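Here is the structure we will look at.
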Protein chains: 2
Amino acid sequence: MTAPRAHRAAPDHTHPDHVPLLTALSALADPVRLRLVRELAGSADWDRACGSFDVPVGKAALSHHFATLRAAGLVEQRDAGPKRLNRLRRAEFDARFPGLLDLVLRAEP
Amino acid sequence: MTAPRAHRAAPDHTHPDHVPLLTALSALADPVRLRLVRELAGSADWDRACGSFDVPVGKAALSHHFATLRAAGLVEQRDAGPKRLNRLRRAEFDARFPGLLDLVLRAEP
DNA sequence: TCGAGTGTATGATCTGGATCGAACACTCGG
DNA sequence: CCGAGTGTTCGATCCAGATCATACACTCGA
């Protein structure tokens with residue numbers, strides 16, 4: 001009867017509206033995270049688990065990068081079994097920082 | 001007869017067109033430089049010397065920040081007597097990274 | 001219930017960048 | 001020609017953040 005209880009701690013998200021400009025810029029000013037955001041933008045929502053990205057870092061570092069992206073309001077995560085699925089917060093982030101995400105996704109390196 | 005020779009080494013500029021995205025983001029992802037850019041945006045071109053900005057750092061650090069801004073294609077400098085005058089490269093930078101400068105100048109911290 | 005798969009936390013290391021003080025270079029007015 | 005004003009360079013220090021290896025936690029299928 002009770003809804004299935006979450007046994008794993010849900011990741012703490014920050015809404016883009018509460019993200020300082022410097023936090024957003026710092027989050028995007030890293031090659032690994034930029035890659036994550038871009039790959040994420042090329043996939044459907046909730047399609048990509050954390051481990052499915054082609055970045056040259058270990059699991060631990062990857063986990064921290066995702067935490068940074070969450071804290072910057074760029075990524076939302078949801079647990080699905082053992083995996084943690086991701087979604088780029090396009091609309092919300094764009095409302096807070098209009099054009100920034102588009103720019104980052106469009107501009108060549 | 002000869003044009004007045006420059007006795008001081010002219011600062012080396014980088015045109016925004018040749019600036020990588022990560023360089024631009026990193027340049028803006030610093031509180032001091034953000035402040036410089038914003039104050040510069042509120043002044044007319046060539047109106048502000050390096051020492052005229054209200055930032056809580058010493059001369060040395062300030063000089064490095066301006067070098068970073070030059071390298072990111074954000075600022076152009078010109079020597080005028082003992083002073084070095086600055087100008088925000090609005091149009092050029094905006095052509096390379098459309099909307100970024102506007103965003104940074106408009107968004108609250 | 002066990003084990004493989006997935007992600008997080010912890011502790012350590014390392015590096016880039018931000019900072020400062022001091023020394024140096026240049027310009028201009030007196 | 002000197003001295004005040006301005007900015008850069010150099011060397012040293014300091015610290016946030018990026019990284020790794022390891023250990024841990026949770027989920028699910030066999």
Side-chain angles (χ1 to χ4, degrees), chain A residues 3-13 20 22-37 40 46-72 74-87, chain B residues 3-13 20 22-37 40 46-72 74-87:
Chain A
R5 188 165 74 88
H7 287 175
R8 180 158 25 165
D12 53 328
H13 290 103
L22 277 174
T23 304
L25 292 176
S26 299
L28 292 170
D30 174 278
V32 174
R33 287 192 292 268
L34 201 48
R35 179 81 182 263
L36 294 177
V37 167
L40 214 40
W46 311 123
D47 252 19
R48 307 290 301 271
C50 293
S52 76
F53 293 82
D54 182 23
V55 287
V57 295
K59 298 193 305 177
L62 189 56
S63 186
H64 270 178
H65 282 303
F66 273 108
T68 301
L69 290 177
R70 282 200 312 268
L74 277 161
V75 162
E76 187 180 3
Q77 295 185 314
R78 188 178 65 178
D79 286 344
K83 309 202 175 190
R84 185 157 281 190
L85 301 180
N86 300 276
R87 159 182 112 77
Chain B
R5 187 165 74 91
H7 287 176
R8 180 158 23 165
D12 53 330
H13 291 105
L22 278 173
T23 303
L25 292 175
S26 299
L28 293 170
D30 175 277
V32 175
R33 286 191 293 266
L34 202 47
R35 179 82 181 262
L36 294 177
V37 167
L40 213 41
W46 311 122
D47 253 19
R48 307 289 301 270
C50 292
S52 75
F53 293 83
D54 181 25
V55 286
V57 296
K59 298 192 306 174
L62 190 57
S63 185
H64 274 297
H65 282 304
F66 272 108
T68 300
L69 290 176
R70 282 200 313 269
L74 277 160
V75 162
E76 186 179 4
Q77 295 185 314
R78 189 178 62 180
D79 286 343
K83 310 205 175 189
R84 184 159 281 190
L85 302 180
N86 298 277
R87 158 182 112 75

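Each chain gets a letter, A, B and so on, in the order the sequences are listed, and its residues count up from 1. Only a predicted model underlies this, so the values are computations on that prediction, with no experimental measurement involved.
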Between B/Gly51 and A/Ala80, name the one whose nearest nucleotide on DNA chain D is closer to the 5' end.
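Whichever sits nearer the 5' end wins; that is B/Gly51.
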
Identify whether any heavy atom of A/His64 sits under 4.0 Å from a base atom; if not, whether one sits that close to sugar-phosphate; answer base, sugar-phosphate or nothing.
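Contact class for A/His64: base.
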
Is B/Ala49 touching bases, backbone alone, or none of the nucleic acid, heavy atoms closer than 4.0 Å?
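The residue B/Ala49 makes sugar-phosphate contact but no base contact.
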
Nearest-nucleotide pick for [X], side chain only, options being [options]:
X	options	result
B/Pro82	D/dC26, C/dC20, D/dT6	D/dT6
B/Arg84	D/dG7, C/dA18, C/dT8	D/dG7
A/Lys59	C/dC20, C/dG7, D/dT8	C/dG7
B/Gln77	D/dT8, C/dT8, D/dG7	D/dT8
A/Arg70	C/dT19, C/dT6, C/dT8	C/dT8

Can you check the [X] [atom1] to [N] [atom2] distance for me, whole Å?
X	N	atom1	atom2	answer
B/Phe66	D/dG7	CZ	C1'	11 Å
A/Asn86	C/dT6	CG	P	14 Å
A/Asp30	D/dG17	CG	P	11 Å
B/Asp12	D/dT8	CG	P	11 Å
A/His65	C/dT8	NE2	P	13 Å
B/Leu22	D/dG17	CG	C1'	15 Å
A/Arg8	C/dG5	CZ	P	16 Å
A/Lys83	D/dC28	NZ	C1'	12 Å

Heavy-atom donor-acceptor pair, B/Arg78 side chain to B/Arg87 backbone, under 3.5 Å:
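Looks like no, no N/O pair under 3.5 Å.
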
Heavy-atom donor-acceptor pair, A/Arg84 side chain to A/Gly51 backbone, under 3.5 Å:
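Side chain of A/Arg84 to backbone of A/Gly51: no pair is present.
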
Mind checking the CZ-CG spacing from A/Phe66 to A/Asn86? Nearest 0.5 Å is all I need.
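Reported to 0.5 Å precision, the distance equals 4.5 Å.
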
Interatomic distance, A/Leu69 atom CG to A/Leu36 atom CG [nearest 0.5 angstrom]
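Atom-to-atom, A/Leu69:CG and A/Leu36:CG are 6.0 Å apart.
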
Check: A/Arg70/A/His13 side-chain N/O donor and acceptor closer than 3.5 Å:
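The answer is no; no qualifying pair exists.
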
